[in-house]
Amino acid sequence: MRPGLRLERNADPCTAVIFGASGDLTARMLIPSLFRLYQQNLLARGFAILGTARTDKTDDEFRDEMREAVAKYSSSEADDQVWERFARQLHYQAADTGNSEAFRHIEEKLEAIEKDRETGGNRLFYLSTPPSVYEGIVSGLNESELAARGSSAWRRIIVEKPFGRDLRSAQSLNEKLRSAFREEDIYRIDHYLGKETVQNIMVLRFANSIFEPLWDRRYIDHVQITGAEKIGVEDRGGYFEQAGVLRDMIQNHLFQIFSLIAMEPPISFDAGSVRDEKTKLIRSVRPLPPEEIDSVAVRGQYGAGVSDGEKVPGYREERQVAGDSTVETYAALKLYVDNWRWAGVPFYLRSGKRLPKRVTEVAIQFQRPPHSVFKQVLGGPVDSNALVIRIQPDDGISLKFSAKIPGQTFHLRPVHMDFHYGTSFGRRSPDAYERLLLDAMIGESTLFARGDMVEASWQVVMPLLEHWKNQQEIDFYEPGTWGPACADEFIEADGRRWRRP
Ligand code: BG6
């Protein structure tokens, strides 16, 4: 990382070339985020966007569509004059990337834009297409030399998840990407890393001295990482049938959070050091025993029921979902990290759709005091402390501890010391995409997934994927509950309980 980068955060001039420019992500996230960066003066003067997709359209038609998208999806108001200025930088080129001619057309258009907008020839490619065409596009970029670096101009590529669907396909995608780009120019986006509280995990741990001395097996009983969603699969049934929640949420988003919580302190806050430690952590995860999978992981699928007073379909009744699908919409697993810090401490990870609420959090559950001075007066053990890092919504941190209830009798109750981002800072946090797009234009890759960590994460979940692939049955749960009954039995077998956030 360049010195002072975090303070200046100046984006380099460049052209962002978006493959999949007619898609949902471009309309919902990419253009609104780029526009917000523009509104805040965070883009370089020499900046342009070249959208490309199969459909024929002119620059103006593309601009009109994107104007509508920003009106619909942006969290900030779009002033017409500001939009007009921004829109001059938007361009479009129809291209069927299955055809090598397409890359020649892109090149011609790109060269004209680069000259006109003075982008210094820097190119930021964005793969916002279905993953099935990733490798074809990267080959096209490579063969057409669109990805070839100039003497001073850079070439970077942002890739959307999923990064493969198992270890082998992830390796193949990485190989393909590395045949055209250097690893440091490959930005694998995991939008959870752009969330303010996820970044704050590192600050909590390493910019304070009171937590780290407690951060190990001597004081921590276990850790729970929850990524719960209230919604079902909505209109993404076709995609979800190929994914399941293990691939969709756990192997990537929850593993990123897990690695930040459990990694060793990096020597500094630069991309290499941080990502080395995260990768090392994932590599230290004890391999899941294929013959005992059912004791370290459980899964379930939501049935039909009622959510917020409304009738909702079961997963099998969702559009593009097989009537006898056994794809999991809920999964929970227990991981151990085989190193000195964490020996014997279980990390429970769970994620599901159609749970009671949308909440992502990490709960560090401390051990009970080794000896209860109050045993006789209380008649039982005291509660354990918990440090809860709320990632969303209402991001913040809360510390649970016991306090005496005022009065003549001696009763204890858990109380919370609470920190809320919203009230403490009173300002809007940048959206994850805004943050990450800017980072990629700066050349700052700390908050992106590195290829070796992605592969190590697949390696961990492979035994689960293999095991579940062959199972003909799945447990169901009712919408608005915390998953199937087996999820409770699973953790209770260890003498522990899930939090009900
Ligand atoms: C995406 C998954 O990566 O993350 C979705 O594909 C999921 O299924 C989403 O709903 C959750 O993101 P967030 O930011 O709403 O927690």
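For ligands, and for the atoms within them, numbers begin at 1 and follow the listed sequence.
Protein heavy atom nearest atom 6 (O) of ligand 1, with residue, atom name and distance: Asp248 OD1, 2.6 Å. Counting only heavy atoms of the protein, atom 12 (O) of ligand 1 lies nearest to His191 NE2, 3.1 Å. Of all protein heavy atoms, the one lying nearest to atom 16 (O) of ligand 1 is Tyr192 OH, 2.5 Å.
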Tell me, with the steps shown, if Tyr433 and Ile189 meet side chain to side chain contact (heavy atoms under 4.5 Å, CB included).
CA-CA 9 Å; Tyr433 272 92; Ile189 244 181; 3.9 Å; yes
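Residues Ser398 and His416 come closest through the heavy atom pair OG-CD2, 3.6 Å.
Under the 30°/60° scheme for interplanar angles, the aromatic rings of Trp215 and Phe211 are found to stand perpendicular. In this pair, Phe425 and Tyr421 present their aromatic rings tilted. The plane angle is within the 30 to 60° band. Taking the six-membered ring where tryptophan is involved, the planes of Phe62 and Tyr92 are tilted, since the angle between them lies from 30° to 60°.
The nearest non-hydrogen atom to atom 3 (O) of ligand 1, considering only His253, Lys195, Gln392, comes from His253. Considering only non-hydrogen atoms, atom 5 (C) of ligand 1 lies nearest to Arg236 out of Arg236, Glu229, Met249.
In summary, the atoms of ligand 1 found under 4.0 Å from a heavy atom of Lys161, numbered by their order in the structure, are 1 (C), 2 (C), 3 (O), 6 (O). Every atom of ligand 1 with a heavy atom of Lys353 under 4.0 Å away is listed here by number and element: 5 (C), 7 (C), 8 (O), 10 (O). Remark: ligand 1 atoms within the under-4.0 Å shell around heavy atoms of Arg358 are 13 (P), 14 (O), 15 (O), 16 (O).
By the 4.0 Å N-to-carboxylate-O rule, Glu135 lies too far from Lys176 to be salt-bridged with it.
For ligand 1, the polar-atom distance check finds no N/O of Thr360 at less than 3.5 Å from any of the ligand's N/O atoms.
Heavy atoms of Phe240 come nearer than 4.0 angstrom to ligand 1 in no pair at all.
A salt bridge (charged side-chain N to carboxylate O under 4.0 Å, His left out) check over residues 180-205, counting only residues at least two apart or in different chains, returns the pairs Arg178-Glu183, Arg182-Glu184, Arg182-Asp185, Glu183-Arg188, Arg205-Glu212.
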